[in-house]
K.L.:
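Below are the structure tokens for one structure; questions will follow.
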There are 2 protein chains.
Amino acid sequence: METIRVSIVEDTAEIREGVQFLLNQTEGFVCVSTYGSAEEATIGLPVQKPDVVIMDINLPGISGIECVRKVKPHLPHTQFMMFTIYEDNEQVFEALAAGASGYLLKKTPLPKIAESLRELHEGGSPMSASIARKLVATFQPTPAGQTLTAREREIVDCLAKGLLYKEIADKASISINTVRQHIHNIYEKLHVQNRTEALNKLYGGR
Amino acid sequence: METIRVSIVEDTAEIREGVQFLLNQTEGFVCVSTYGSAEEATIGLPVQKPDVVIMDINLPGISGIECVRKVKPHLPHTQFMMFTIYEDNEQVFEALAAGASGYLLKKTPLPKIAESLRELHEGGSPMSASIARKLVATFQPTPAGQTLTAREREIVDCLAKGLLYKEIADKASISINTVRQHIHNIYEKLHVQNRTEALNKLYGGR
DNA sequence: GGTTTCCCCGAACTTTCGTTCTATTGACGG
DNA sequence: CCGTCAATAGAACGAAAGTTCGGGGAAACC
């Protein structure tokens with residue numbers, strides 16, 4: 001098991017040094033650098049090329065999310081673990097979109113942090129179960145979707161793939177007029193006007 | 001801390017009884033019913049109304065996923081934990097779409113199972129870190145998206161919301177012809193033919 | 001200065017989408 | 001037996017989506 005090289009970006013000296021101390025105590029980890037601001041990290045990280053980065057979100061000046069957005073493209077093999085006190089909805093998704101792969105709360109016990117960093121480095125995405133639920137929710141159909149018949153769900157599936165009416169008709173071995181009829185019924189049930197709105201309603205718009 | 005009422009759906013008697021035994025041994029859990037097939041579970045679960053259900057995927061006859069799809073609408077307060085040996089890509093998303101909220105591998109150590117069930121019941125979504133990564137990936141922009149210009153990304157954003165060309169034109173204060181042009185360019189860059197395909201390519205098809 | 005890239009616009013055109021109306025069939029439950 | 005619902009289908013139509021021409025201006029880069 002090779003040693004994982006970690007960098008820490010965190011403005012509170014106490015936390016920064018605490019985590020650093022913990023990691024250097026822990027078998028299999030070494031803290032190669034720490035930064036008190038996103039500005040410092042933006043310069044330092046591309047040089048250090050750590051395996052994983054612990055990134056605070058609420059930094060003075062540039063935010064941790066913005067920092068990930070800037071640095072990640074130059075460090076495709078480095079994994080970013082967001083580290084925050086808030087379990088903020090918006091920020092979770094924004095951070096993931098920026099290129100982070102893990103999301104830890106600061107209240108996480110220290111041993112658990114080390115374990116999560118290892119998982120992150122091994123290709124996992126450790127995050128608190130409550131944050132995971134937010135992600136999961138975007139995959140679950142809305143109550144409205146439940147009222148669709150089996151046939152309608154099958155056709156919605158085709159819609160989601162971007163198939164043309166003609167292609168759906170062939171696939172389901174029915175006429176294109178029937179496809180039209182089914183889709184019309186689907187739109188009515190979901191109270192939408194077109195394909196994109198329907199898919200957003202069913203699978204969560206993004 | 002109230003007791004969590006659990007039902008188990010699993011065709012292998014050994015595993016079924018093993019987990020049942022474990023839970024009844026564990027403080028805070030009680031196993032209220034077990035089923036060896038989806039057919040039995042479909043009838044029994046709505047009666048028992050357990051807090052959480054451990055659902056095997058590979059059942060003889062009707063699959064566990066199909067079973068969740070059928071039963072979940074009648075049990076909105078019951079949480080489903082999928083339970084499987086495979087870490088199959090397709091099945092993960094399908095199960096989540098069907099209404100499951102957690103996803104555990106059978107190799108998970110027994111104490112960890114109990115902990116995960118509790119997290120599930122408390123509104124979390126426990127799952128292995130590697131499965132979480134698959135979810136996270138769907139929120140991260142694809143390489144293809146990187147080549148789009150700022151203006152194009154802005155318009156793609158509108159496409160994702162299901163706006164009409166006219167609405168996009170108004171929002172961006174440009175003519176509808178320019179919108180057409182931009183979108184045409186976007187489709188070319190992404191090598192797709194229509195809105196739905198483009199969105200699938202950018203945000204991960206589902 | 002020339003080239004490239006992005007953004008902008010018009011216009012005519014084809015294709016696909018979505019609506020509406022009507023109608024038949026089979027399955028299912030009271 | 002009768003009403004309801006899901007699935008099937010045709011046909012005609014307007015609305016929206018996408019294609020393909022043409023062109024112009026502004027900033028960035030050799």
Side-chain angles (χ1 to χ4, degrees), chain A residues 73 141-203 205-206, chain B residues 39 42-43 46 62 66 69-71 73-74 141 143-203 205:
Chain A
T142 55
Q146 305 290 356
T147 73
L148 297 184
T149 69
R151 194 55 150 174
E152 286 167 349
R153 276 200 302 273
E154 182 188 338
I155 289 179
V156 158
D157 220 58
C158 296
L159 283 182
K161 288 178 184 153
L163 299 190
L164 303 181
Y165 284 10
K166 174 82 176 67
E167 295 172 322
I168 298 174
D170 289 349
K171 190 163 185 176
S173 301
I174 55 180
S175 104
I176 194 173
N177 290 301
T178 305
V179 173
R180 286 196 175 103
Q181 189 60 56
H182 278 307
I183 291 176
H184 180 67
N185 293 337
I186 292 167
Y187 291 170
E188 219 165 36
K189 286 185 183 179
L190 299 180
H191 304 109
V192 297
Q193 332 294 331
N194 60 51
R195 182 190 291 230
T196 309
E197 280 181 19
L199 296 179
N200 281 341
K201 196 138 203 168
L202 287 173
Y203 301 113
R206 262 209 321 282
Chain B
E39 286 80 353
T42 307
I43 298 170
I62 299 178
E66 195 49 43
R69 207 194 315 281
K70 272 192 187 140
V71 176
H74 307 119
Q146 305 291 355
T147 74
L148 297 183
T149 69
R151 193 55 149 177
E152 287 167 350
R153 277 198 301 272
E154 181 188 339
I155 289 178
V156 159
D157 220 59
C158 296
L159 284 182
K161 287 177 185 154
L163 299 189
L164 303 181
Y165 285 12
K166 174 80 177 70
E167 296 173 319
I168 298 175
D170 289 350
K171 192 163 186 176
S173 301
I174 55 179
S175 106
I176 194 174
N177 289 301
T178 306
V179 172
R180 287 196 175 104
Q181 190 60 56
H182 278 308
I183 292 176
H184 181 66
N185 293 337
I186 292 166
Y187 291 170
E188 220 165 36
K189 286 187 183 178
L190 300 180
H191 304 108
V192 298
Q193 333 294 330
N194 61 48
R195 181 189 293 232
T196 309
E197 281 181 19
L199 296 179
N200 281 340
K201 197 135 203 170
L202 286 174
Y203 301 113

K.L.:
So, does A/Thr149 get its side chain near the phosphate of D/dC5, meaning an N or O under 4.0 Å from OP1 or OP2?
P.N.:
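It does not, given that no N or O in the side chain of A/Thr149 lies less than 4.0 Å from OP1 or OP2 of D/dC5.
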
K.L.:
Respond yes when some side-chain nitrogen or oxygen of A/His184 is under 4.0 Å from OP1 or OP2 of C/dT19, and no when none is.
P.N.:
yes

K.L.:
Calculate the interatomic distance between A/Lys171 atom NZ and D/dT8 atom C1'; express it in whole Å.
P.N.:
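Going from A/Lys171 (NZ) to D/dT8 (C1'), I get 20 Å.
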
K.L.:
Under 4.0 Å between any heavy atoms, over every strand shown, what does A/Gln181 touch: base, sugar-phosphate, or nothing? Just pick one.
P.N.:
base

K.L.:
For B/Tyr165 and D/dA16, what is the distance between atoms OH and C1' respectively, to the nearest whole Å?
P.N.:
8 Å

K.L.:
Take atom CG of A/Leu164 and atom P of D/dA17, then tell me their distance rounded to the nearest Å.
P.N.:
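The answer, rounded to whole Å, is 15 Å.
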
K.L.:
Looking at A/Arg153 and A/Asp157, does any basic side-chain N land under 4.0 Å from a carboxylate oxygen?
P.N.:
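No, no charged N to carboxylate O under 4.0 Å.
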
K.L.:
Within the structure, does a side-chain N or O atom of A/Asn177 lie under 4.0 Å from either OP1 or OP2 of D/dA9?
P.N.:
no

K.L.:
The helix from C/dG1-D/dC30 to C/dC28-D/dG3: angle between its terminal axes, five pairs each, to 10°?
P.N.:
50°

K.L.:
What contact category does B/Asn194 fall into here, base, sugar-phosphate, or nothing, at under 4.0 angstrom with non-hydrogen atoms?
P.N.:
sugar-phosphate

K.L.:
Given atom CD1 of A/Ile186 and atom C1' of D/dA7, what is their separation to the nearest angstrom?
P.N.:
12 Å

K.L.:
Nearest whole Å is fine: how far is D/dA15 C1' from A/Ile183 CD1?
P.N.:
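From A/Ile183 CD1 to D/dA15 C1': 16 Å.
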
K.L.:
Please report, rounded to the nearest Å, how far the C1' atom of C/dT19 is from the OH atom of A/Tyr187.
P.N.:
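These atoms are roughly 12 Å apart.
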
K.L.:
Salt-bridge test for A/Glu152 and A/Lys189: reply yes if a basic N is under 4.0 Å from a carboxylate O, no otherwise.
P.N.:
yes

K.L.:
Using a heavy-atom cut-off of under 4.0 Å over every strand shown, decide if B/Arg151 touches base, sugar-phosphate, or nothing.
P.N.:
sugar-phosphate

K.L.:
If the cut-off is 4.0 Å, is B/Ser175 near the phosphate of C/dC8, judged by side-chain N/O to OP1 or OP2?
P.N.:
no

K.L.:
Can you tell me the distance, in whole Å, between the CD1 atom of A/Ile168 and the C1' atom of C/dC17?
P.N.:
11 Å

K.L.:
Please state whether the phosphate of C/dC9, meaning OP1 or OP2, lies under 4.0 angstrom from any side-chain nitrogen or oxygen of B/Thr178.
P.N.:
yes

K.L.:
Return the value, rounded to whole Å, for the distance between atom CD of A/Glu197 and atom C1' of C/dC17.
P.N.:
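That distance rounds to 13 Å.
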
K.L.:
Tell me whether the OP1 or OP2 atom of D/dA17 has a side-chain N or O from B/Arg180 closer than 4.0 Å.
P.N.:
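Indeed not, no polar side-chain atom of B/Arg180 lies that close.
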
